[in-house]
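Report on the structure given below.
One is the number of the first residue; the rest follow in order along the sequence.
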Amino acid sequence: MKLRPSRILRELRNGQNSTVIKLNMGDPRIVELAGLAGASAVWLCNEHVPNDWLNLEHQIRAAKLYDMDTIVRVNKGGYSEYVKPFECDATGIMVPHVTSAEEARNVVDMVRCRPLGSKALDAGNMDGLYCQVPLAEYALHCNTEKFVILQIESPEALEVVDEIAAVPGYDMLLFGAGDYSHRIGKLGQATCAEVVAARKRVHAAAVKHGKYPAVASLFGQREMLENDEGVRVFTLGADVIELGNAFRRMVGDFGGVKAAGGSDSVYKSSK
(Lines give C-alpha, C1' and ligand atoms only; values in the text may rest on other atoms or scores of the structure.)
Protein backbone atom coordinates (compact mmCIF):
# COMPACT_ATOMS: atom_id res chain seq x y z
CA MET A 1 0.00 0.00 0.00
CA LYS A 2 1.22 3.48 -0.85
CA LEU A 3 0.29 6.82 0.62
CA ARG A 4 -0.94 9.37 -1.94
CA PRO A 5 1.62 12.08 -2.86
CA SER A 6 0.59 15.71 -3.23
CA ARG A 7 -0.29 16.86 -6.73
CA ILE A 8 0.44 20.52 -5.98
CA LEU A 9 3.88 19.73 -4.55
CA ARG A 10 4.60 17.55 -7.57
CA GLU A 11 3.60 20.36 -9.94
CA LEU A 12 5.63 22.96 -8.06
CA ARG A 13 8.70 20.71 -7.90
CA ASN A 14 8.40 20.24 -11.67
CA GLY A 15 8.22 23.99 -12.31
CA GLN A 16 4.51 24.02 -13.12
CA ASN A 17 1.76 26.28 -11.84
CA SER A 18 -1.09 24.92 -9.71
CA THR A 19 -4.76 25.84 -9.87
CA VAL A 20 -7.14 25.87 -6.92
CA ILE A 21 -10.92 26.32 -6.78
CA LYS A 22 -12.46 27.56 -3.53
CA LEU A 23 -15.61 25.78 -2.38
CA ASN A 24 -18.15 27.09 0.11
CA MET A 25 -20.71 24.40 -0.74
CA GLY A 26 -20.43 21.16 1.20
CA ASP A 27 -21.63 18.74 -1.48
CA PRO A 28 -18.87 16.28 -2.50
CA ARG A 29 -20.35 16.28 -6.01
CA ILE A 30 -19.14 19.86 -6.44
CA VAL A 31 -15.66 18.62 -5.52
CA GLU A 32 -16.01 16.09 -8.33
CA LEU A 33 -16.97 18.85 -10.78
CA ALA A 34 -13.77 20.69 -9.87
CA GLY A 35 -11.86 17.47 -10.49
CA LEU A 36 -13.53 16.98 -13.85
CA ALA A 37 -12.48 20.54 -14.75
CA GLY A 38 -8.84 19.60 -14.14
CA ALA A 39 -8.10 21.68 -11.04
CA SER A 40 -5.00 20.81 -9.04
CA ALA A 41 -6.83 21.26 -5.74
CA VAL A 42 -9.94 22.45 -4.00
CA TRP A 43 -9.90 24.85 -1.08
CA LEU A 44 -12.35 23.71 1.60
CA CYS A 45 -13.16 26.04 4.47
CA ASN A 46 -13.60 25.27 8.16
CA GLU A 47 -13.13 28.93 9.12
CA HIS A 48 -16.29 30.45 7.65
CA VAL A 49 -18.35 27.46 6.43
CA PRO A 50 -20.56 25.19 8.61
CA ASN A 51 -18.93 21.97 7.47
CA ASP A 52 -18.51 18.90 9.69
CA TRP A 53 -15.64 16.43 9.95
CA LEU A 54 -17.43 13.45 8.43
CA ASN A 55 -18.55 15.46 5.40
CA LEU A 56 -15.03 16.82 5.07
CA GLU A 57 -13.80 13.23 4.74
CA HIS A 58 -16.37 12.64 1.97
CA GLN A 59 -15.17 15.76 0.13
CA ILE A 60 -11.56 14.62 0.42
CA ARG A 61 -12.45 11.16 -0.91
CA ALA A 62 -14.20 12.78 -3.88
CA ALA A 63 -11.09 14.87 -4.63
CA LYS A 64 -8.81 11.84 -4.59
CA LEU A 65 -10.88 10.20 -7.34
CA TYR A 66 -9.34 12.82 -9.67
CA ASP A 67 -5.86 12.98 -8.10
CA MET A 68 -6.83 16.39 -6.74
CA ASP A 69 -5.37 17.85 -3.56
CA THR A 70 -7.50 19.30 -0.78
CA ILE A 71 -6.57 22.41 1.17
CA VAL A 72 -8.54 23.00 4.37
CA ARG A 73 -8.59 26.50 5.77
CA VAL A 74 -8.73 25.74 9.48
CA ASN A 75 -10.52 27.38 12.34
CA LYS A 76 -8.09 29.70 14.05
CA GLY A 77 -7.35 27.86 17.25
CA GLY A 78 -5.41 25.03 18.72
CA TYR A 79 -3.91 21.65 18.06
CA SER A 80 -7.02 19.64 17.09
CA GLU A 81 -8.22 22.20 14.55
CA TYR A 82 -4.86 21.98 12.76
CA VAL A 83 -4.17 18.26 12.99
CA LYS A 84 -7.61 16.78 12.33
CA PRO A 85 -7.87 17.94 8.67
CA PHE A 86 -4.63 16.06 7.97
CA GLU A 87 -6.04 12.99 9.72
CA CYS A 88 -9.04 13.25 7.37
CA ASP A 89 -6.33 13.03 4.65
CA ALA A 90 -6.39 16.64 3.52
CA THR A 91 -3.23 17.39 1.58
CA GLY A 92 -2.69 20.79 3.13
CA ILE A 93 -4.01 23.23 5.68
CA MET A 94 -4.27 27.00 5.45
CA VAL A 95 -3.94 28.89 8.73
CA PRO A 96 -5.63 32.32 8.63
CA HIS A 97 -4.46 35.56 10.25
CA VAL A 98 -0.94 34.53 11.20
CA THR A 99 0.66 37.51 12.91
CA SER A 100 4.07 36.44 14.25
CA ALA A 101 7.01 34.14 13.72
CA GLU A 102 6.26 32.51 17.08
CA GLU A 103 2.79 31.56 15.86
CA ALA A 104 4.26 30.16 12.64
CA ARG A 105 6.70 28.04 14.67
CA ASN A 106 3.87 26.75 16.86
CA VAL A 107 1.86 25.67 13.81
CA VAL A 108 4.85 23.82 12.39
CA ASP A 109 5.50 22.12 15.72
CA MET A 110 1.88 20.90 15.94
CA VAL A 111 1.57 19.42 12.45
CA ARG A 112 5.07 18.21 11.51
CA CYS A 113 6.87 15.08 12.67
CA ARG A 114 10.44 15.00 13.94
CA PRO A 115 12.84 16.59 13.15
CA LEU A 116 10.60 19.44 11.96
CA GLY A 117 8.06 19.32 14.78
CA SER A 118 6.51 17.22 17.52
CA LYS A 119 3.19 16.17 15.97
CA ALA A 120 1.23 13.65 18.02
CA LEU A 121 0.94 10.47 15.97
CA ASP A 122 -2.21 8.51 15.25
CA ALA A 123 -1.88 6.65 11.96
CA GLY A 124 -5.26 4.95 12.37
CA ASN A 125 -7.10 7.38 10.13
CA MET A 126 -7.34 7.98 6.39
CA ASP A 127 -3.98 9.73 6.22
CA GLY A 128 -2.18 6.66 7.58
CA LEU A 129 -4.28 4.14 5.64
CA TYR A 130 -5.68 2.96 8.98
CA CYS A 131 -2.30 1.68 10.25
CA GLN A 132 -1.70 -0.29 7.06
CA VAL A 133 1.69 1.37 6.41
CA PRO A 134 4.79 1.45 8.63
CA LEU A 135 4.82 4.31 11.12
CA ALA A 136 8.16 5.62 9.85
CA GLU A 137 6.75 5.84 6.33
CA TYR A 138 3.71 7.67 7.64
CA ALA A 139 5.85 10.19 9.54
CA LEU A 140 8.05 10.87 6.50
CA HIS A 141 4.97 11.36 4.35
CA CYS A 142 3.59 13.92 6.83
CA ASN A 143 6.76 15.98 6.38
CA THR A 144 7.24 15.64 2.62
CA GLU A 145 3.84 15.22 0.94
CA LYS A 146 1.61 17.32 3.17
CA PHE A 147 1.87 21.11 3.09
CA VAL A 148 1.11 24.12 5.26
CA ILE A 149 -0.01 27.54 4.04
CA LEU A 150 0.09 30.60 6.29
CA GLN A 151 -2.07 33.63 5.50
CA ILE A 152 -0.83 37.20 5.93
CA GLU A 153 -3.89 39.43 6.24
CA SER A 154 -3.12 42.47 8.40
CA PRO A 155 -0.75 45.45 8.56
CA GLU A 156 0.63 44.03 11.84
CA ALA A 157 1.56 40.75 10.13
CA LEU A 158 3.02 42.60 7.16
CA GLU A 159 5.45 44.43 9.44
CA VAL A 160 7.01 41.11 10.50
CA VAL A 161 6.42 39.12 7.31
CA ASP A 162 10.15 38.59 6.75
CA GLU A 163 10.45 36.98 10.18
CA ILE A 164 7.39 34.80 9.49
CA ALA A 165 8.72 33.77 6.10
CA ALA A 166 12.05 32.77 7.63
CA VAL A 167 10.46 30.13 9.90
CA PRO A 168 11.36 26.64 8.60
CA GLY A 169 8.96 23.74 8.17
CA TYR A 170 6.05 25.19 6.23
CA ASP A 171 5.55 25.63 2.50
CA MET A 172 3.56 28.66 1.32
CA LEU A 173 2.57 32.22 2.16
CA LEU A 174 -0.78 33.48 0.93
CA PHE A 175 -1.67 37.17 1.07
CA GLY A 176 -5.29 37.81 2.07
CA ALA A 177 -6.23 40.86 0.01
CA GLY A 178 -9.83 40.96 1.25
CA ASP A 179 -9.11 41.23 4.96
CA TYR A 180 -6.01 43.36 4.41
CA SER A 181 -7.96 45.89 2.33
CA HIS A 182 -10.62 45.96 5.04
CA ARG A 183 -8.05 46.59 7.77
CA ILE A 184 -6.58 49.61 5.97
CA GLY A 185 -9.94 51.17 5.08
CA LYS A 186 -9.89 50.11 1.42
CA LEU A 187 -12.55 47.41 1.62
CA GLY A 188 -12.62 45.23 -1.49
CA GLN A 189 -10.03 47.32 -3.35
CA ALA A 190 -7.69 44.46 -4.12
CA THR A 191 -5.92 46.32 -6.92
CA CYS A 192 -5.36 49.64 -5.15
CA ALA A 193 -1.75 50.73 -4.73
CA GLU A 194 -1.50 50.02 -0.99
CA VAL A 195 -2.88 46.49 -1.28
CA VAL A 196 -0.74 45.64 -4.31
CA ALA A 197 2.37 46.92 -2.50
CA ALA A 198 1.53 44.76 0.52
CA ARG A 199 0.99 41.71 -1.68
CA LYS A 200 4.33 42.24 -3.41
CA ARG A 201 6.06 42.53 -0.04
CA VAL A 202 4.56 39.21 1.10
CA HIS A 203 5.50 37.50 -2.14
CA ALA A 204 9.07 38.85 -2.02
CA ALA A 205 9.49 37.57 1.54
CA ALA A 206 8.18 34.15 0.51
CA VAL A 207 10.59 33.85 -2.41
CA LYS A 208 13.52 35.13 -0.32
CA HIS A 209 13.04 32.41 2.26
CA GLY A 210 12.23 29.52 -0.07
CA LYS A 211 8.45 29.51 0.39
CA TYR A 212 5.97 29.32 -2.48
CA PRO A 213 3.87 32.49 -2.86
CA ALA A 214 0.16 31.86 -3.45
CA VAL A 215 -2.65 34.20 -4.39
CA ALA A 216 -6.34 34.02 -3.47
CA SER A 217 -7.65 35.51 -6.72
CA LEU A 218 -6.24 36.75 -10.01
CA PHE A 219 -8.02 40.12 -10.10
CA GLY A 220 -7.09 40.31 -13.79
CA GLN A 221 -3.38 40.46 -12.96
CA ARG A 222 -2.13 37.02 -13.96
CA GLU A 223 0.82 38.22 -16.06
CA MET A 224 2.16 40.47 -13.29
CA LEU A 225 1.55 37.88 -10.57
CA GLU A 226 3.16 35.06 -12.52
CA ASN A 227 6.04 36.81 -14.23
CA ASP A 228 6.95 39.66 -11.89
CA GLU A 229 6.08 38.26 -8.48
CA GLY A 230 6.75 34.56 -8.97
CA VAL A 231 3.30 33.34 -7.95
CA ARG A 232 2.90 29.63 -8.64
CA VAL A 233 -0.36 28.71 -6.87
CA PHE A 234 -3.50 30.42 -8.14
CA THR A 235 -7.02 30.34 -6.72
CA LEU A 236 -9.19 30.89 -9.79
CA GLY A 237 -12.60 31.51 -8.24
CA ALA A 238 -15.30 30.21 -5.91
CA ASP A 239 -18.29 27.97 -6.39
CA VAL A 240 -20.82 30.40 -4.91
CA ILE A 241 -19.67 33.27 -7.15
CA GLU A 242 -19.70 31.19 -10.31
CA LEU A 243 -23.09 29.66 -9.49
CA GLY A 244 -24.42 33.15 -8.81
CA ASN A 245 -23.05 34.35 -12.15
CA ALA A 246 -24.58 31.39 -13.97
CA PHE A 247 -28.01 31.75 -12.36
CA ARG A 248 -28.11 35.50 -13.01
CA ARG A 249 -27.13 34.89 -16.62
CA MET A 250 -29.80 32.23 -17.09
CA VAL A 251 -32.51 34.41 -15.60
CA GLY A 252 -31.30 37.41 -17.58
CA ASP A 253 -31.22 35.44 -20.83
CA PHE A 254 -34.84 34.45 -20.23
CA GLY A 255 -35.58 38.17 -20.34
CA GLY A 256 -36.90 41.03 -18.30
CA VAL A 257 -36.50 39.66 -14.79
CA LYS A 258 -34.49 41.81 -12.38
CA ALA A 259 -32.05 39.83 -10.22
CA ALA A 260 -32.56 40.13 -6.48
CA GLY A 261 -29.80 41.41 -4.20
CA GLY A 262 -26.14 42.05 -4.82
CA SER A 263 -24.50 44.49 -7.18
CA ASP A 264 -22.97 43.63 -10.54
CA SER A 265 -19.52 44.50 -9.21
CA VAL A 266 -19.65 41.63 -6.72
CA TYR A 267 -20.21 39.08 -9.45
CA LYS A 268 -17.89 40.61 -12.01
CA SER A 269 -14.96 40.58 -9.57
CA SER A 270 -14.28 36.92 -10.24
CA LYS A 271 -14.13 37.24 -14.04
Would you tabulate the side-chain donor-acceptor contacts of residues 84-91 under 3.5 Å, counting partners in other chains and residues two or more places apart, or write 'none'?
residue, atom, partner, partner atom, Å
D89, OD1, K146, NZ, 2.7
D89, OD2, K64, NZ, 2.7
T91, OG1, T70, N, 3.1

For residues 44-51, which side-chain N or O atoms pair as donor and acceptor with protein atoms under 3.5 Å away, sequence neighbours left out?
residue, atom, partner, partner atom, Å
E47, OE1, R73, NE, 3.0
N51, OD1, N55, ND2, 3.0
N51, ND2, Q59, OE1, 2.6

Would you be so kind as to tabulate the donor-acceptor pairs closer than 3.5 Å made by side chains of residues 94-104, with sequence neighbours excluded?
residue, atom, partner, partner atom, Å
H97, NE2, D179, OD2, 3.3
T99, OG1, E103, OE1, 3.4
S100, OG, E103, N, 3.1
E103, OE1, K76, NZ, 3.4
E103, OE1, T99, N, 3.1
E103, OE2, K76, NZ, 2.1

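M25 and L56 end up in the same hydrophobic cluster when Ile, Leu, Val, Met, Phe, Trp and Tyr side chains are linked at under 4.5 Å. Under a hydrophobic-cluster definition in which Ile, Leu, Val, Met, Phe, Trp and Tyr are linked whenever side-chain heavy atoms come within less than 4.5 Å, directly or via other members, L140 and L116 are assigned to different clusters. Under a hydrophobic clustering in which Ile, Leu, Val, Met, Phe, Trp and Tyr are joined whenever their side-chain heavy atoms come within less than 4.5 Å, directly or via other members, W43 and F147 fall into the same cluster. The same ILVMFWY cluster, assembled from side-chain heavy atoms under 4.5 Å apart, contains both F247 and I21.
For the side chain to side chain donor-acceptor pair (under 3.5 Å) test, residues two or more places apart in sequence or in another chain that qualify with D109 are S118. Under the salt bridge (charged side-chain N to carboxylate O under 4.0 Å, His left out) criterion, E137 pairs with no residue, sequence neighbours left out. Residues meeting the side chain to side chain donor-acceptor pair (under 3.5 Å) test with D69, sequence neighbours left out: R4, S6. K186 meets the side chain to side chain donor-acceptor pair (under 3.5 Å) test with no other residue; sequence neighbours excluded. Evaluation of the side chain to side chain donor-acceptor pair (under 3.5 Å) rule for S154 yields E156 as partners, not counting sequence neighbours. Partners of Y180 under the ring-ring contact (aromatic ring centres under 6.0 Å, His included) rule, at least two apart in sequence or in another chain, are F175.
Side-chain contact between L129 and Y138 is absent, with no heavy-atom pair separated by less than 4.5 Å. Side chains of I8 and Y212 form no contact here, defined as non-hydrogen atoms less than 4.5 Å apart. Counting heavy atoms from C-beta on, the side chains of V251 and F254 never come closer than 4.5 Å. V108 is not listed as a side-chain neighbour of V148, based on a closest heavy-atom distance of 4.5 Å or more. Within the 4.5 Å cutoff, the side chain of Y170 has heavy atoms near those of the I164 side chain. Contact annotation: the side chain of R199 approaches that of V196 to within less than 4.5 Å [non-hydrogen atoms, C-beta and beyond].
Applying the salt bridge (Lys or Arg N to Asp or Glu O under 4.0 Å) test to residues at least two apart or on different chains, the pairs with a partner in residues 50-59 are E57-R61. Judged as a side chain to side chain donor-acceptor pair (under 3.5 Å), the pairs with a partner in residues 29-38 (not counting sequence neighbours) are, in order, D27-R29, E32-Y66. Residues in residues 110-121 take part in these salt bridge (Lys or Arg N to Asp or Glu O under 4.0 Å) pairs, two or more places apart or across chains: R112-D171.
Heavy atoms only, all atoms of each residue included: Q151 and G176 are closest at NE2-CA, 4.4 Å. Contact record, P155 with R183: CD-CB, 3.8 Å, taken as the closest heavy-atom pair. The two residues R232 and L12 have their closest heavy-atom pair at NH2-O, 3.0 Å.
Looking at R249 and E242, no side-chain N of the basic residue comes within less than 4.0 Å of a carboxylate O on the acidic one, giving no salt bridge.
Under a 3.5 Å cut-off, the side chain of K211 and the backbone N or O of V167 do form a donor-acceptor pair.
Residue L173 forms a side chain to side chain contact (heavy atoms under 4.5 Å, CB included) with just one option from V207, V202, I149, and that option is V202.
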